[in-house]
Enquirer: 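Sharing a structure, written as structure tokens. Questions coming.
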Amino acid sequence: MPFPHLFSPLQLGNIELPNRIVHVPTDISSSHADGEVSERDIAHHGDIARGGTGFVIVGATTPDMKTGRPTVTCLVADGDNYVPGLARLAESMHRYGAKCAVQLQHPGRQCAIPRYNTLGATDRVLKLPWSAGHEIVYENAEEKGKEIREASIAEILELVDLFSEAAWRVKQAGFDAVELHAAHGYLLSEFMSPFLNMRTDRFGGSFENRMRFPLAVVGSIQKKCGRSFPVLVRYSFDEWYAGGRGAEEGVEIARVLERAGCAAVDLSMGMQESPGAGFDPMQYPQGWATYAAEAVKQAIRIPVITSHSLRDPEYCEQIIAEGKTDLVGLARQLLADPYWPVKAQYGKVKSIRRCISCLGGCWQESLMAKHEIACSINAACGNRAYADMRRTTKPVNVAVVGGGPAGMEAARIATERGHRVTLFEKDAELGGAMLYVCLVPGKEKMRWYLDWIRDQLLDLDVDIRLNHAPTVDELRGFDLVLNATGAWSFVPEVAGDASRVVPFEEAMACPKVACECHPGGRKMRKLGARVLLWGDSYAATDTAAFLADIGKQVTIVTENREFAADCEVIHMYVLRKRFAQGDAEVLHSRPYRHPVTVITSTTVAEIRAGEVVLQGADFERTTLEVDDVVTCHTRPDAALFEELRAAGVRVLNVGDSLRPRNLYHAVKEGSAFGLAVDENLLFNPNGAILDDLPMDVLAQLTRDEGPSYTAERMKELMASASR
Ligand SMILES: Cc1cc2nc3c(=O)[nH]c(=O)nc-3n(C[C@H](O)[C@H](O)[C@H](O)COP(=O)(O)O)c2cc1C
Ligand code: SF4
């Protein structure tokens with residue numbers, strides 16, 4: 001068998017884990033509003049167990065809903081009425097041979113609910129825009145922050161009881177273990193942190209005092225559930241923040257927890273003040289956190305779980321074989337592909353859809369937006385429609401125009417379902433807007449997805465026509481057309497010489513004339529030293545990162561009040577640090593030669609040779625000397641779509657050619673098209689495909705209508721009956 005260490009069993013407390021793969025807790029925020037287990041929770045965790053994960057730790061579940069829910073629809077375990085639902089959840093994983101646990105978490109200062117009277121270790125005002133628990137609903141919420149109230153001793157003691165009662169319910173429900181969330185700045189972690197805990201009573205100050213609350217919870221659970229019921233603790237080995245915990249205390253905590261009778265330690269990193277370390281963005285390399293497990297393993301004998309950016313079975317196998325860890329923890333990887341373990345077991349490593357750490361689907365579009373879980377590259381995550389996906393018995397001919405992420409995903413799903421797909425791409429390579437990611441420092445992981453989906457299309461034998469922009473006449477012969485032609489930059493109306501403005505696509509200049517991504521070559525513009533980027537969103541952030549990295553002096557001008565407000569927050573946190581010539585926690589990139597300046601609420605009013613005139617929201621004008629102006633304004637390229645519609649061709653429009661957005665939307669819409677392609681080819685008046693119609697309605701819409709049921713017809717029927 002490939003990966004013998006990864007697939008060997010391990011004893012954890014009194015349970016035997018079938019293999020070394022752990023689903024580290026991921027709050028999928030998909031429960032019912034009252035915290036009851038939903039069918040989505042059951043299906044999601046059941047899929048992960050079916051995929052072969054040996055130990056599934058269900059994400060943040062609060063022991064006290066009234067004082068803290070980390071996300072608006074996280075799980076709750078603060079009443080006995082939650083036991084039946086939790087039992088069904090445990091059963092959904094046991095049936096596939098997995099062991100399972102629930103992570104109990106009180107979010108403290110980082111709660112999404114309640115909004116006011118927020119409980120914390122210390123009185124504080126919290127301004128952490130990347131936290132799902134940071135209230136962002138109100139005007140000026142960012143500046144005002146969220147007020148936190150210090151927990152009283154009575155409240156701490158009550159919470160000790162509430163935690164252990166919740167653990168008892170987890171045990172009653174049939175889970176094999178319970179985990180305490182003492183990482184990332186949530187309540188237990190806040191008490192443990194030398195930086196966050198500013199108390200002066202017996203719960204603050206010395207290491208012993210800071211550990212008092214979590215240890216009291218561990219002790220109370222052991223009393224209520226018995227010492228044989230395994231208790232794990234997840235904590236941040238290093239807080240990656242000045243004044244916060246470092247490696248020495250990280251090891252000491254493991255020793256203390258082992259002495260307290262814990263069954264295992266689950267090592268994580270960072271807190272909300274160091275968000276990159278907690279929610280690794282793309283730039284963080286695989287294995288960056290392994291050093292922590294290695295250090296802890298030398299100090300304790302109970303099993304150690306390491307996680308953070310683990311993506312390759314080969315690497316996971318290696319660190320277990322080398323004794324650096326006992327177990328490997330995957331969180332986002334199992335959102336992107338819950339079948340990672342079984343694919344590794346069968347040696348199908350190339351077919352694993354590796355998580356690209358974009359945080360676009362699972363954080364930005366889900367928990368930050370108060371939506372249920374999703375993934376940018378796996379439309380099936382959080383969407384049960386894909387579980388019922390079936391092959392068609394009557395294939396239709398589908399043309400997909402545009403080989404970007406929306407078009408490729410549409411082609412993949414429609415072909416998997418048995419339809420005949422022809423994919424047209426006007427360039428010499430598939431990828432669309434993703435093709436230039438190799439030029440953007442830190443975005444290299446995007447290529448993983450690109451390579452994966454291109455390989456899938458090849459394996460599926462999709463008819464791919466490169467260097468081919470089809471005409472309306474060519475497309476008439478297809479039963480159905482998908483327009484996925486993407487977006488293109490444009491120059492807004494401006495006084496002066498608009499012809500001087502460079503499209504951002506031509507500013508992203510690959511030093512190779514014809515590279516792997518652009519085998520047919522590409523039009524490039526050489527830019528001067530001082531570049532003004534005009535616009536916003538990913539076009540601007542990517543172009544800025546590229547140009548600043550090659551030494552240009554970049555100024556960004558945006559009409560918006562905040563720059564890149566629709567971009568993923570943790571990546572923006574990293575990028576802002578880079579703009580200021582610094583770097584995020586774990587990274588040590590070469591600083592930009594010049595800081596990047598961002599000017600908000602401003603537009604370009606006039607373009608002259610060697611300078612631009614800027615106009616602010618107050619209409620005040622200033623002049624800025626620049627060598628080049630690059631536009632990062634984008635708009636849909638929907639010309640073909642409109643032509644096809646006018647010609648009466650059955651056509652749908654998805655992705656950026658509908659509205660320029662991110663990868664999450666492109667993949668979601670492309671894949672929804674693939675799922676909806678239906679042999680009946682009926683459309684409703686909104687222009688949407690009518691798939692999956694009830695049998696009788698389908699028949700009514702498709703069979704010839706006979707005579708109406710009139711009095712005359714009744715007479716005819718009666719006459720024929722009497723004969
Ligand atoms: C959507 C989302 C929800 C998360 N929920 C939890 C949680 O409930 N408890 C927890 O300890 N960590 C949580 N994390 C952190 C992950 O467990 C993990 O430490 C982090 O994502 C890095 O590991 P990965 O690269 O394997 O995803 C969450 C992360 C994400 C992206
Ligand atoms: S949205 Fe991005 S980071 Fe999140 S699981 Fe999917 S690929 Fe990974």
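Atoms within each ligand, like the ligands themselves, are counted from 1 in listed order. We use all heavy atoms of the structure for the numbers below, so side chains are in, but hydrogens, waters and symmetry mates are not.
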Enquirer: Can you find a side-chain donor-acceptor pair between Asn662 and Glu365 that sits under 3.5 Å?
Expert: yes
Enquirer: What is the closest protein heavy atom to atom 19 (O) of ligand 1, and at what distance does it sit?
Expert: Arg234 NH2, 3.0 Å
Enquirer: Could you tell me if the side chain of Glu669 sits less than 4.5 Å from the side chain of His665, heavy atoms only?
Expert: yes
Enquirer: Strictly under 4.0 Å, does any heavy atom of Ser309 approach an atom of ligand 1?
Expert: yes
Enquirer: On a heavy-atom basis, I'd like to know which of Phe279, Trp363, Tyr235, Tyr186 is closest to atom 29 (C) of ligand 1.
Expert: Phe279
Enquirer: Any idea which protein heavy atom is nearest atom 14 (N) of ligand 1, and the distance to it?
Expert: Pro25 O, 3.6 Å
Enquirer: Measuring from the heavy atoms of His184, does anything fall under 4.0 Å of ligand 1?
Expert: yes
Enquirer: Between the side chains of Glu409 and Arg412, is the shortest nitrogen-to-carboxylate-oxygen separation below 4.0 Å, so that they form an ion pair?
Expert: yes
Enquirer: Ignoring hydrogens and geometry beyond distance, is a side-chain donor-acceptor pair present between Thr73 and Ser29 at under 3.5 Å?
Expert: yes
Enquirer: With rounding to the nearest 0.5 Å, note down the distance linking NE2 in His44 to CD in Glu372.
Expert: 11.5 Å
Enquirer: By number and element, which atoms of ligand 1 are closer than 4.0 Å to a non-hydrogen atom of Cys362?
Expert: 1 (C), 31 (C)
Enquirer: Give a yes/no verdict on whether any heavy atom in Ser366 is under 4.0 Å from an atom of ligand 1.
Expert: no
Enquirer: For atom 9 (N) of ligand 1, which protein heavy atom lies nearest, and how many Å away is it?
Expert: Gln103 OE1, 2.7 Å
Enquirer: Of the protein's non-hydrogen atoms, which lies at the shortest distance from atom 27 (O) of ligand 1, and what is that distance?
Expert: Arg332 NE, 2.7 Å
Enquirer: Considering heavy atoms of the protein only, find what lies nearest to atom 18 (C) of ligand 1 and give residue, atom and distance to 0.1 Å.
Expert: Ala331 CB, 3.8 Å
Enquirer: Between Trp452 and Ser351, is there a donor-acceptor pair closer than 3.5 Å when you use the side chain of the first and the backbone of the second?
Expert: yes
Enquirer: Between Thr325 and Thr306, do the side chains contain an N or O donor and an N or O acceptor separated by less than 3.5 Å?
Expert: no
Enquirer: Taking distance alone, with N or O pairs closer than 3.5 Å, would you say Leu330 contacts ligand 1?
Expert: no
Enquirer: Evaluate Arg311 for polar contact with ligand 1, using N/O atom pairs at a separation under 3.5 Å.
Expert: yes
Enquirer: Would Asp280 count as being in polar contact with ligand 1, using the rule that some N or O on each side must be under 3.5 angstrom apart?
Expert: no
Enquirer: Any side-chain donor paired with an acceptor under 3.5 Å for Tyr339 and Arg50?
Expert: yes
Enquirer: Decide whether the shortest distance between a heavy atom of Met269 and an atom of ligand 1 is less than 4.0 Å.
Expert: no
Enquirer: Ignoring hydrogens and angles, state whether a donor on the side chain of Ser193 or Glu239 is under 3.5 Å from an acceptor on the partner side chain.
Expert: yes
Enquirer: Under a plain distance cut-off of 3.5 Å, with no hydrogens placed, do Gln318 and Glu322 share a side-chain donor-acceptor pair?
Expert: yes
Enquirer: Side chains of Asp312 and Gln286: donor-acceptor distance under 3.5 Å anywhere?
Expert: yes
Enquirer: Starting from atom 4 (C) of ligand 1, find the nearest protein heavy-atom neighbour and note its residue, name and distance.
Expert: Asp27 N, 3.6 Å
Enquirer: Kindly compute the distance separating CZ (Phe175) from OG1 (Thr61), expressed to the nearest 0.5 Å.
Expert: 8.0 Å
Enquirer: Considering only heavy atoms of Gly59, which atoms of ligand 1 have at least one such atom less than 4.0 Å away?
Expert: 8 (O)
Enquirer: Which protein N, O or S atoms lie under 2.8 Å from atom 4 (Fe) of ligand 2, given by chain and residue number?
Expert: Cys362 SG
Enquirer: In the protein, which heavy atom is nearest to atom 2 (C) of ligand 1, and how far is it?
Expert: Thr26 CG2, 3.8 Å
Enquirer: Can Thr67 and His106 be counted as having a side-chain donor-acceptor contact under 3.5 angstrom?
Expert: yes
Enquirer: Report the residues that fulfil side-chain hydrogen bond (donor to acceptor under 3.5 Å, both in side chains) with Asp583, sequence neighbours left out, ordered by chain and then residue number.
Expert: Ser589
Enquirer: Say whether Tyr241 and Glu585, considering side chains only, have a donor N or O and an acceptor N or O under 3.5 Å apart.
Expert: no
Enquirer: When you measure from atom 23 (O) of ligand 1 to every protein heavy atom, which one gives the shortest distance, and what is it?
Expert: His308 CA, 3.5 Å
Enquirer: Under 4.0 Å from a heavy atom of Gly278: give me the atoms of ligand 1 that qualify, with their elements.
Expert: 20 (C)
